[in-house]
Amino acid sequence: MLTIEKVTKYYDKTEALSDVSVTIPSGVCYGLVGPNGAGKSTLIKIITSIIRGYEGDIAFNHKPISDQTKQQSGYVPQDIVLEENITAIGNLYLFGRIYGLKGSKLAQRTKEVLSLIGLSERSKDKVATFSGGMKRRLNIGCALMHNPELIIMDEPTVGIDPQSRQYIFQMIEELKATGKTVVYASHYMEEVERLCDYVAFLDKGKMIENGAIDELLQQYAVPSIYIKADGMALEQLEAFGSVQQRQEAFVIFTEEALPVMEKIIFYCRKNKVDVERLELVRPRLEDVFFRLTGSNLRE
Ligand code: ADP
């Protein structure tokens, strides 16, 4: 659906994006992950034609991006853009009209969007009376008024309450279920892992890696085994893999997690080791990022 090829962007002498390429298939949620300053917003602004001066090519449904792309995509900016002194409905009407909706179509779509963002009951209240999370949900609603195929969200959950965060997650699930494509920029790895099917890691303007999350986990993250046992020493576990001590417990990293787990159980039984906890630990997206960049996202 969206093909980004060799995109480079300079702000004066700062290289914000360097030769970035990625293909976003339709109907998926695609995470764009990287620390602050990685270039996520710049890439999003290029995709949405807010920034025009760049090198490289971007195609939407096999055609170069143009003003028409705007009709098929909805952009949720990082900063909330709403008219505070009018109602939620008023704001949705404003955005709907910008996209050419009017009359009963506008009224019908406004109703649908209010329900999707969970604000039907507050629709006639002024935005100034809303919490940060409600404003954020309304901001997303504005970008959905023209029912776009592609929705691009820039850090939509920064600084909001847990309830609104859940609403946003639910909204994204619903959008995905109706075949929409969502690009989700975030520096919250857990959110991306939960919501997205694919991820692109950006760091210092460069595309570090991208692909299906399951495949990246398979390729880069080593599973591990957590063991807490009375009197167990690090040396006893080194035969099973690379071991790290975590307070009173140990974590063993091994590609062969299940067979190694069996061996550990056998070893513990044979040597009458009193095991308090023994668990297989699923590799996380954070581990993939660490493996690729040598740093954690939040460092
Ligand atoms: P992210 O969204 O991942 O935090 P950005 O795309 O905002 O990253 O920024 C990428 C780089 O470009 C950073 O070094 C940032 O300082 C720089 N940058 C972003 N916007 C501007 C701008 N308007 N003028 C100059 N430099 C900018």
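Just so you know, ligand 1 is whichever comes first in the structure, and atom 1 is the first atom listed for that ligand. Because the structure is predicted, anything quoted here is derived from the model rather than measured.
- With hydrogens left out, the protein atom closest to atom 27 (C) of ligand 1 is Y11 CD1, 3.2 Å, a heavy atom.
- Not a single heavy atom of G34 sits closer than 4.0 Å to an atom of ligand 1.
- Salt bridge present: R109 and E112 bring a charged side-chain N and a carboxylate O closer than 4.0 Å.
- In terms of the salt bridge (charged side-chain N to carboxylate O under 4.0 Å, His left out) criterion, D57 has no residue partners (sequence neighbours excluded).
- The protein atom (non-hydrogen) at minimum distance from atom 10 (C) of ligand 1 is G37 O, 3.4 Å.
- Relative to the ring axis of Y11, K9 places its NZ or CZ within 45° and under 6.0 Å from the centre.
- Taking the six-membered ring where the residue is Trp, F240 and Y267 present perpendicular rings, their angle passing 60° and hence far from 30°.
- Between the choices K40, E15, K9, the shortest heavy-atom distance to atom 3 (O) of ligand 1 belongs to K40.
- For the pair R137 and Y167, the cation-pi test (distance below 6.0 Å, angle within 45°) is passed.
- Of all protein heavy atoms, the one closest to atom 8 (O) of ligand 1 is G39 N, 3.0 Å.
- When distances from atom 22 (C) of ligand 1 to the protein are checked, a heavy atom turns up under 4.0 Å.
- Within 4.0 Å of atom 16 (O) of ligand 1, not a single protein heavy atom is present.
- For ligand 1, the atoms sitting less than 4.0 Å from at least one non-hydrogen atom of N36 are 4 (O), numbered in the order shown with element in parentheses.
- Those atoms of ligand 1 with a heavy atom of A38 less than 4.0 angstrom away are 1 (P), 3 (O), 8 (O).
- Residue P35 approaches ligand 1 through these ligand atoms, each under 4.0 Å from one of its heavy atoms: 3 (O).
- Nearest protein heavy-atom neighbour of atom 7 (O) of ligand 1: S41 CB, 3.8 Å.
- Residue T42 holds the heavy atom nearest to atom 9 (O) of ligand 1 of all those in D12, T14, T42.
- D287 and R284 are not joined by a salt bridge, as no carboxylate oxygen comes within less than 4.0 angstrom of a charged side-chain nitrogen.
- Residues T42 and Y54 have side chains that never bring a donor and an acceptor to within less than 3.5 angstrom of each other.
- With hydrogens and angles left out, the side-chain atoms of Y188 and E155 include no donor and acceptor closer than 3.5 Å.
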